[in-house]
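Let me begin by presenting the structure, written as C-alpha cells, before commenting on it.
A quick note: this is a predicted structure, and the numbers were derived from the prediction, not measured.
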Amino acid sequence: MRVGIGYDVHPIVRGRRLFLGGIEIPCEFGLGGHSDADVLLHAISDALLGAAGLSDIGTFFPNTPAYKDISSCVILEGVRKLIKGYTIINIDSTVITEKPKLSPYISSMREKISAILEINNNSIGIKATTNEKLGFIGREEGIAAIAVVLIDERRIQWV
C-alpha cells in the first residue's frame, strides 16, 4: 500500500468558467491557470502521482503551448494511465473556498472522478469548507484543494 498527498491553489479570475471536480460550477468567476485550473483534479492528480513514486503533474503536463487550456479531466485520465500498475483504494479530498457553496455539486464531482479513474464513487470522498474569511482564500482571492490517496499494486488473480 502506498499513500500520496496533493495540494493545489489557483487565483480567482473574473471572466473565466469555474471547473471543480471535473464539472463546471455556475459562478461569476473562474480560476486562473495554464489549464482549466481545476484545483481539485490537480490535487488528486498530484496525490496519485506521488503515491506511485512519480513526479508532479507539471512534469507530465508542463506549461507549454501544447497543454494551454487543457481540461483537467484529460490530465487526470493521463495520470490514471501513468499509474496503471496500481489500484486506487480510496481518495479523500477537501476544497477550500468561501464561494461558491459546493454541496449541491459534490455528488456530480464524485461521479465524474469515478468515471475518469474507473473506480467506484464510494471510494471518493470530497468535502468543502471555508477559510473563515482568513487569508487569501478568505478574501476570495483564490481557491485551494488538498487530497490524500491510497493505492496498492495490482494483483493478478489466477482462475
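For residues 101-116, the set of pairs meeting the side chain to side chain donor-acceptor pair (under 3.5 Å) definition, not counting sequence neighbours, is empty.
For the pair Arg17 (side chain) and Glu24 (backbone), a donor-acceptor distance under 3.5 Å is absent. Formation of a donor-acceptor pair under 3.5 Å by the Arg2 side chain with backbone atoms of Ala51 is found in this model. Under a 3.5 Å cut-off, the side chain of Asp56 and the backbone N or O of Thr59 do form a donor-acceptor pair. Side chain of Thr97 to main chain of Gly142: no donor-acceptor pair is present (N/O by atom type, distance under 3.5 Å, no hydrogens or angles). Judged by distance alone, the side chain of Glu98 and the main-chain N or O of Asn131 form a donor-acceptor pair under 3.5 Å.
Contact check for Tyr86 versus Glu153: side-chain heavy atoms found under the 4.5 Å cut-off. No side-chain heavy atom of Ser123 sits less than 4.5 Å from a side-chain heavy atom of Ile88. Side-chain contact check for Ile126 versus Leu102: every heavy-atom pair is 4.5 Å or farther apart. Leu18 is listed as a side-chain neighbour of Pro100, based on a closest heavy-atom distance under 4.5 Å.
Expressed to the nearest 0.5 Å, how far OG1 of Thr87 lies from CG of Leu150 amounts to 10.5 Å. Atom-to-atom distance recorded for Ile146:CD1 and Asp8:CG is 11.0 Å, nearest 0.5 angstrom. Put simply, CD1 on Ile143 and CG on Leu31 are 4.5 Å apart, with the number rounded to the nearest 0.5 Å. Distance CD1/Ile44 to CD1/Ile91: 5.0 Å, rounded to 0.5 Å. In this structure, CG in Leu49 is found 5.5 Å from CZ in Phe60, a value given to the nearest 0.5 Å. A distance of 11.5 Å separates CD1 in Ile12 from CZ in Arg139, rounded to the nearest 0.5 Å.
In terms of hydrophobic clustering, with Ile, Leu, Val, Met, Phe, Trp and Tyr side chains grouped at heavy-atom distances under 4.5 Å, Val95 and Val9 are assigned to different clusters. The cluster map of Ile, Leu, Val, Met, Phe, Trp and Tyr, joined by side-chain heavy atoms under 4.5 Å apart, puts Ile23 and Leu117 in the same cluster. Cluster annotation: Leu20 and Val148 are assigned to distinct hydrophobic clusters (Ile/Leu/Val/Met/Phe/Trp/Tyr, side-chain heavy-atom contacts under 4.5 Å, transitive). The hydrophobic clustering, which links ILVMFWY residues whose side-chain heavy atoms are closer than 4.5 Å, places Ile96 and Val39 apart. Residue Ile25 is not grouped with residue Ile137 when hydrophobic side chains (ILVMFWY) are merged at heavy-atom distances under 4.5 angstrom, including chains of intermediate members.
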Using a 3.5 Å cut-off and no angle test, enumerate the donor-acceptor pairs between side-chain atoms of residues 63-78 and protein atoms at least two apart in sequence or in another chain.
{"residue": "Ser71", "atom": "OG", "partner": "Cys73", "partner atom": "N", "Å": "3.1"}
{"residue": "Ser72", "atom": "OG", "partner": "Asp36", "partner atom": "OD1", "Å": "2.4"}
{"residue": "Ser72", "atom": "OG", "partner": "His42", "partner atom": "NE2", "Å": "2.8"}

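Atom NZ of Lys127 sits in a crowded spot, with more than 12 heavy atoms from other residues, nucleotides or ligands closer than 6.0 Å.
Annotation for Gly6 and Ala47: closest pair N-CB, 3.5 Å, computed over non-hydrogen atoms.
Under the side-chain hydrogen bond (donor to acceptor under 3.5 Å, both in side chains) criterion, Asn121 pairs with no residue at all, not counting sequence neighbours.
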